[in-house]
Amino acid sequence: MKRLVVVSNRVADLSKAQAGGLAVGLADSLSQRGGVWMGWDGQTLKSVDQTEPTIRKFGDVTRVTIPLTQDDYDNFYLGFSNSVLWPLFHYRLDLVEHQSAFLEGYRRVNAKFATALLTVLKPDDLIWIHDYHLIPLAAELRQRGCKQRIGFFLHIPFPPPEVLAAVPRHRWLVESLLEYDVIGFQTHTDLGNLAHYVEEQLGLTMGEEGRIAINGRAVTAGCFPIGIDVDAFAEMASHSNQEVDIETARRKVLERSQIIGVDRLDYSKGLPERLSGFARLLELYPQMRKSVDLMQIATPTREEVDAYVEIRKDLEALSGAINGRFADFNWTPVRYIHGTVPREALAALFRAAQVGMVTPLRDGMNLVAKEYIAAQSMDDPGVLVLSKFAGAAEDLHEALIVNPYDTDDVARNLCRALTMPLEERQERQEALLVRIRKHDAAHWLKSFLAVLEDQGLLPPNDARSTDPAKSSRR
Ligand code: GDG
């Protein structure tokens, strides 16, 4: 078995036990095969352009980290990655803020990653690079003579050509992407968008099994929906949590239901629209007043980017306005928490909530949707209300699928979820559990690595079960 080398912008702390999910899956895989995980160490140096990596061993896993300079941080991380690619790939052209220094910073840091990675690479390694920060890394490695197989997984959406065309040097970006041997997307829609781009802009075709022939090489693009460790999350949710239990008992007495939302405080997650949809529920269905509240946990993220400062202000104003309008002396409709909650408490909160509200305006997959399902008890399961613009909606058909921009649609579906008979909730839960088990974290890892190792073609259940060129999720 080949040694695995994973590269992502940030590296999980391998000295601490991780609570489930992607980091655990990757760390397990690395320790089984032996491997390397490389990324930014989270430090910014004032002026020194130090590329010397820091290398630490954790059993058979080597953690390689490099610092960034302040300039790298501003232009590569805050700039091109999070003020150009993130908004654009989430179809938010209105939020793109580009400066020419951003693109230079993006290229420079990718070159820096390549130089650092070369110091630890072995000829037989299998390289797996993650996410939008590092699209040109394969091209940088190839320029330095790297011959190993290199795969790439995009965690966020891949937009249609007409949106992608707004990225400065978009053709260069996609040509860099095509330097990988394997390109993984979350959904068939994303895969279809690449097929459209290569056809329209590069005059290439994506053939059977996602193959693109370019410069005498074959690139394989496929759909690998990411998942969670279902049993680990369900187990965590089944543990009693005293604070959540007390709150649940109080609700029972008051016959009051809870809707829960948990997200990074990001404009892609549709939080203002979510609060408006909830307010519309209280308007359209006055009988719901005092019998339901919304707990929204919004975890701070990228607070140095202007768009994130704006969204925080908007949310605080909106939750205050809804509470001002509807609250009673013994009922507060919106509980808005700007902070991070321990994972165990999160799992218990999911289990205790009658509705999980996952309504992003655009999302690669959305793991919260899968965690909410995993946390439910079969005796009395809650209902998932899911945006049609989340990658997860391509598979989770038994959720109540909504258009997050349409507050009436959201309100109607919230009401339906809150009044859904037990039998229907159980049927939906059972079907959803089968789905998240089929596409869990282990399956994601195994299926991507099988293709990267060139052990046959894409698995039939995942590979283009619909023609990507005709795919139309969003
Ligand atoms: C990107 C893509 C794709 C959130 N708040 C707290 C907390 N969380 C955890 C959730 C979940 C994770 O963070 C968020 O994952 P998502 O998938 O929902 O979203 P992104 O962070 O945007 O992730 C996304 C993902 O990559 C994987 O490919 O699905 O589409 O955007 O696990 O539970 N965890 C704790 N406290 C919090 O307050 N402990």
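For ligands, and for the atoms within them, numbers begin at 1 and follow the listed sequence. In what follows, residues are counted from 1 in the order of the sequence shown.
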Checking heavy-atom distances from atom 6 (C) of ligand 1 to each of Leu367, Val368, Ile297, Thr299, the winner is Thr299

How about Asp379 and Ser377: does a side-chain donor come under 3.5 Å of a side-chain acceptor?
no

Do Arg437 and Asp440 sit within salt-bridge range, that is, some charged N less than 4.0 Å from a carboxylate O?
no

For ligand 1, is any non-hydrogen atom under 4.0 Å from Leu346's backbone (N, CA, C, O), its side chain (CB onward), both, or neither?
side chain

Classify the contact between Val262 and ligand 1 as side chain, backbone, both or neither, using a heavy-atom distance cut-off of under 4.0 Å.
side chain

Before you tell me yes or no, could you show the steps for Phe158 and Thr189 under side-chain contact (heavy atoms from CB on, under 4.5 Å), namely the whole-Å CA-CA distance, both residues' side-chain angles and the distance that decides it to 0.1 Å?
CA-CA 8 Å; Phe158 190 78; Thr189 302; over 6 Å; no

Working for side-chain contact (heavy atoms from CB on, under 4.5 Å), residues Arg92 and Leu361:
CA-CA 10 Å; Arg92 291 298 300 270; Leu361 303 181; 4.1 Å; yes

Any atoms of ligand 1 less than 4.0 Å from a non-hydrogen atom of Arg343? List them with their elements.
32 (O), 33 (O), 39 (N)

Can you figure out which of Glu344, Lys269, Met365 has its heavy atom closest to atom 19 (O) of ligand 1?
Lys269

Passing candidate, side chain to side chain contact (heavy atoms under 4.5 Å, CB included) with Gln354, options Arg256, Met420, Gln258
Gln258

Hey, mind stepping through Arg274 and Asp263 against salt bridge (Lys or Arg N to Asp or Glu O under 4.0 Å) and telling me if it holds?
CA-CA 12 Å; Arg274 186 175 308 172; Asp263 308 78; 2.7 Å; yes

Please tell me whether Asn75 and Tyr106 have a donor and an acceptor in their side chains that are separated by less than 3.5 angstrom.
no

With a heavy-atom distance limit of 4.0 Å, tell me whether Ile226 approaches ligand 1 through its side chain, its backbone, both, or neither.
side chain

Which option out of Arg362, Lys370, Arg264, His90 puts a heavy atom nearest to atom 22 (O) of ligand 1?
Arg264

State whether the shortest distance between N or O atoms of Val341 and N or O atoms of ligand 1 falls below 3.5 angstrom.
yes

Measure Trp86 to ligand 1 on non-hydrogen atoms and call it side chain, backbone, both or neither using the 4.0 Å cut-off.
side chain

